Amino acid sequence: MEIRARSLSGSYPAPGGFGLALRRRAAVREVSFKVEAGEVVALVGKNGSGKSTTLRLLAGLLPADAGQALLGGVPAIRREARRRLGYLAEEDEFPSGLKVRDILRYAAVLAGYRGREARREAERAGEAVGLARWLAAPGAACSRGVRRRVSLAQALVGEPRALVLDEPLTGLDPEARTRSLAAIRSAADRGAAVIVSLHEAGAIESLADRLVVLADGAVAGRGPVAEFVSAGGTELSAAAGGEDWLAAALNGGGPEAP
């Protein structure tokens with residue numbers, strides 16, 4: 001299934017006098033792009049550019065002011081669309097005291113698994129991101145990096161046909177980062193459409209097929225990752241300056257203007 005933003009606009013209430021929300025603040029303005037089945041598209045932009053809002057709109061968690069967010073041609077706000085979606089939010093939130101294995105089993109039950117199948121699916125998703133040693137730990141008490149992997153494992157439960165992921169690498173050590181990138185790529189290789197916000201050039205180059213650049217809530221550039229790297233005049237390396245192409249993309253859009 002594909003993920004599509006079609007002239008998508010969204011806003012939030014803006015506080016007025018005495019704490020009243022008297023107006024709305026536009027966060028996303030007429031954003032359009034498509035993510036094909038089996039493809040990974042990286043969404044990038046400076047802080048406040050509208051990345052998280054765009055992802056919330058695509059996940060059906062925020063109603064659009066105009067335009068459409070579609071999952072497989074179905075409006076994202078519909079339950080039938082969200083049943084095929086794996087979503088990772090910007091923040092990790094788990095019930096206090098609930099163990100990691102139980103968090104993942106609950107996600108498996110919501111995905112339609114029961115009994116042993118739910119346990120096996122929870123273990124599969126946890127193993128994919130390297131959580132085997134933390135399954136008996138309370139999720140809310142884990143480190144930031146472990147909590148991030150639990151959230152990613154939740155999104156991967158049930159092998160959804162669409163993945164909407166907001167900064168999945170936050171707080172991860174190099175080994176966990178590698179495992180998580182591999183798990184996301186594997187989901188795409190099995191046919192999932194993946195849209196993921198990232199801010200590291202190396203992660204984008206190793207994972208994504210295409211790039212969409214946001215600036216001030218609108219699409220400022222888009223195209224294959226390789227074209228952005230070429231336009232930035234540098235190749236991926238461990239040397240200083242290896243992220244120059246991404247800085248150039250954020251400041252100047254990219255190979256293809258909207």
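Remember, it's a predicted structure, so these values are computed and weren't measured experimentally.
- Cluster membership check: Leu98 shares its hydrophobic cluster with Leu152, using side-chain heavy-atom separations under 4.5 Å among Ile, Leu, Val, Met, Phe, Trp and Tyr.
- Across all non-hydrogen atoms, the minimal contact from Leu131 to Ala153 is CD1-CB, 4.0 Å.
- Residue Ile195 is grouped with residue Leu61 when hydrophobic side chains (ILVMFWY) are merged at heavy-atom distances under 4.5 angstrom, including chains of intermediate members.
- Judged purely by atom type and a 3.5 angstrom limit, Ser180 has no side-chain atom pairing as donor or acceptor with the backbone of Val129.
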The test is salt bridge (charged side-chain N to carboxylate O under 4.0 Å, His left out); show your working for Glu121 and Arg124 and say whether it passes. CA-CA 5 Å; Glu121 179 58 19; Arg124 182 203 66 79; 2.7 Å; yes

For this session: Let me see the working for Asp216 and Ser49 under side chain to side chain contact (heavy atoms under 4.5 Å, CB included), right down to the final yes or no.
Result: CA-CA 5 Å; Asp216 297 322; Ser49 62; over 6 Å; no

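- Cluster annotation: Val164 and Leu110 are assigned to distinct hydrophobic clusters (Ile/Leu/Val/Met/Phe/Trp/Tyr, side-chain heavy-atom contacts under 4.5 Å, transitive).
- One N or O on the side chain of Arg185 and one on the backbone of Leu207 form a donor-acceptor pair closer than 3.5 Å.
- Put simply, the side chain of Arg114 gets close to the backbone of Val109: a donor and an acceptor are under 3.5 Å apart.
- Although no hydrogens or angles enter the test, the distance criterion places a donor-acceptor pair under 3.5 Å between the side chain of Arg147 and the main chain of Cys142.
- Nearest heavy atom pair, residue Gly158 against residue Ala111, reads CA-CB, 4.5 Å.
- Tracing side-chain contacts under 4.5 Å through hydrophobic residues (I, L, V, M, F, W, Y), one never reaches Leu70 starting from Met1; they form parts of separate clusters.
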*asked:* Please determine whether side chain to side chain contact (heavy atoms under 4.5 Å, CB included) holds for the pair Leu250 and Trp245, giving the CA-CA distance in whole Å, both sets of side-chain angles, and the decisive distance to 0.1 Å.
replied: CA-CA 9 Å; Leu250 297 182; Trp245 73 263; over 6 Å; no

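- Between Pro75 and Ala81 the shortest heavy-atom distance is O-CB, 3.4 Å.
- Ser230 places no side-chain N or O within 3.5 Å of a backbone atom of Ala226 that could act as its donor or acceptor partner.
- No more than 12 heavy-atom neighbours from other residues, nucleotides or ligands sit within 6.0 angstrom of OH on Tyr106.
- Of all heavy-atom pairs between Ala59 and Tyr87, the closest is CB-CD1, 3.6 Å.
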Query - Val194 vs Val35, side chain to side chain contact (heavy atoms under 4.5 Å, CB included): CA-CA, chis, key distance, verdict - result: CA-CA 7 Å; Val194 182; Val35 186; 5.5 Å; no

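- Applying the 6.0 Å contact sphere to CD1 of Ile77 captures no more than 12 heavy atoms from other residues, nucleotides or ligands.
- Note that CD1 of Ile204 and CZ of Arg210 are 14.0 Å apart. Values are rounded to the nearest 0.5 Å.
- With Asp209 contributing its side chain and Glu39 its backbone, the two residues share no donor-acceptor pair below 3.5 Å.
- With rounding to the nearest 0.5 Å, the separation of CG in Leu163 from CG in Leu88 is 9.5 Å.
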Going through the distances and angles, do Leu172 and Arg148 end up as a side chain to side chain contact (heavy atoms under 4.5 Å, CB included)?
CA-CA 8 Å; Leu172 301 193; Arg148 204 68 190 137; 4.0 Å; yes

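- Under the 4.5 Å side-chain contact rule for hydrophobic residues, Leu85 and Val157 do not share a cluster.
- In this structure, the side chain to side chain donor-acceptor pair (under 3.5 Å) partners of Arg190, at least two apart in sequence or on a different chain, are Ser186.
- In terms of heavy-atom proximity, Val31 sits nearest to Ala218 at CG2-CA, 4.2 Å.
- Rounding to the nearest 0.5 Å places OG1 of Thr170 at 8.5 Å from CD of Glu91.
- Between the CZ atom of Arg161 and the CZ atom of Arg84 there is a distance of 10.0 Å, given to the nearest 0.5 Å.
- A donor-acceptor contact shorter than 3.5 Å is absent between the side chain of Arg149 and the backbone of Ala176.
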**OP:** Please step through salt bridge (charged side-chain N to carboxylate O under 4.0 Å, His left out) for the pair Lys51 and Glu167, ending with a clear verdict.
**Re:** CA-CA 10 Å; Lys51 300 187 300 296; Glu167 296 290 355; 5.2 Å; no

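- With respect to Arg179 and Glu127, a salt bridge is recorded, a charged nitrogen being found less than 4.0 Å from a carboxylate O.
- Residue-environment remark: CG (Asn47) stays at or below the threshold of 12 foreign heavy atoms within 6.0 Å.
- Other residues, nucleotides and ligands contribute over 12 non-hydrogen atoms within 6.0 Å of the CZ atom of Arg144.
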Begin from the C-alpha positions of Glu117 and Arg119 and carry the test salt bridge (charged side-chain N to carboxylate O under 4.0 Å, His left out) through to its verdict. CA-CA 5 Å; Glu117 288 187 351; Arg119 289 193 294 273; over 6 Å; no

Output, in order, the C-alpha distance, side-chain angles, deciding distance and verdict of side chain to side chain donor-acceptor pair (under 3.5 Å) for Ser11 and Asp65. CA-CA 7 Å; Ser11 63; Asp65 293 339; 2.5 Å; yes

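- The residue from Val28, Asp166, Leu62 that alone fulfils the side chain to side chain contact (heavy atoms under 4.5 Å, CB included) condition with Arg56 is Leu62.
- No donor-acceptor distance shorter than 3.5 angstrom exists from the side chain of Ser197 to the backbone of Leu43, with no hydrogens or angles considered.
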